[in-house]
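The structure appears right after this line, and notes come after that.
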Amino acid sequence: MINKKDRNEIRKKRHQRIRNKISGTASRPRMNVYRSLNNIYVQFIDDVAGNTLCSASSMDSEIKEKCQQATKTDAAKMVGELAGRRASAAGISEVVFDRGGYLYTGRVAQVAQGARAAGLKF
């Protein structure tokens, strides 16, 4: 009998390998990306203190209507720009990018591109 591997379990293992190497601080937090089937979420995390400094998602009221009418990749770019603006307002200029075990393509790459367009450096 052939057992099919769970793609999410593989992603979680990949994410754990990445997390063993990167960590966020208060001056340079970790920008974590989580991608669900319909939405995308971004958090800025200080791993030393264990706090989420700010966050953005496609469910936020500021961009929810636009995200529902746009494609998933366009919505991801809007979320990246919103996350970059919120991070700048919180005094964050540099981050460590944590792609969450996902491949750096598609929606994850668009979030990064949107955050860079908003002024974040990573």
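Quantities reported herein were computed from a predicted structural model and do not represent experimental measurements.
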May I have the step-by-step check of side chain to side chain contact (heavy atoms under 4.5 Å, CB included) for R19 and R30, ending in yes or no?
-> CA-CA 10 Å; R19 284 287 292 120; R30 178 170 55 99; 3.5 Å; yes
Determine the minimum heavy-atom distance between R86 and A56, stating which atoms define it.
-> NH1-CA, 3.8 Å
Does the pair K66 and D74 meet the rule for a salt bridge (charged side-chain N to carboxylate O under 4.0 Å, His left out), with working shown?
-> CA-CA 9 Å; K66 292 179 187 175; D74 292 338; over 6 Å; no
Smallest heavy-atom separation, D98 atom then I18 atom, equals OD1-CG2, 4.1 Å
Sequence neighbours excluded, the answer for side-chain contact (heavy atoms from CB on, under 4.5 Å) partners of E81 is K77, R85
K72 side chain vs L37 backbone, donor-acceptor pair below 3.5 Å = yes
Test L120 against F44 for side chain to side chain contact (heavy atoms under 4.5 Å, CB included), laying out the working first.
-> CA-CA 12 Å; L120 285 181; F44 294 93; 3.8 Å; yes
For residues 31-45, which residue pairs qualify under side chain to side chain donor-acceptor pair (under 3.5 Å), counting only residues two or more places apart or in two chains?
-> N39-S58
Can you name the nearest heavy-atom pair linking V108 to Y102, along with the distance?
-> CG2-CB, 3.7 Å
Given M78 and C67, is the side chain to side chain contact (heavy atoms under 4.5 Å, CB included) satisfied, shown in steps?
-> CA-CA 8 Å; M78 286 188 268; C67 287; 4.3 Å; yes
Are the side chain of S57 and the backbone of M59 linked by a donor-acceptor contact shorter than 3.5 Å?
-> yes
To the nearest 0.5 Å, how far apart are CD1 in I63 and CD in Q68?
-> 11.0 Å
Side chain to side chain donor-acceptor pair (under 3.5 Å) between N8 and R11: does it pass, once the steps are laid out?
-> CA-CA 5 Å; N8 199 38; R11 179 195 69 83; 3.0 Å; yes
What residues, two or more places apart in sequence or in another chain, satisfy salt bridge (Lys or Arg N to Asp or Glu O under 4.0 Å) together with R14?
-> none
Does one hydrophobic cluster hold both L53 and V96, with members joined at side-chain heavy-atom distances below 4.5 Å?
-> no
Give the cluster check for V95 versus Y104: same hydrophobic cluster or not, with ILVMFWY residues linked at side-chain heavy-atom distances below 4.5 Å.
-> yes
Is the side chain of R7 donor-acceptor paired with the backbone N or O of I10 at a distance under 3.5 Å, no angle test?
-> no
I40 side, atom CD1; R107 side, atom CZ - distance, nearest 0.5 Å = 5.5 Å
For A83 and V42, work out which heavy atoms get closest and say how close.
-> CB-CG1, 3.9 Å
Nearest heavy-atom contact between D60 and S55 is OD2-O, 4.4 Å
For the student: nearest non-hydrogen atoms of A112 and F122, plus distance | O-CZ, 3.6 Å
Should I45 and V111 be counted in the same cluster of Ile, Leu, Val, Met, Phe, Trp and Tyr side chains packed under 4.5 Å apart?
-> no
Inter-residue atom distance R116.CZ - Q113.CD, 0.5 Å rounding = 8.5 Å
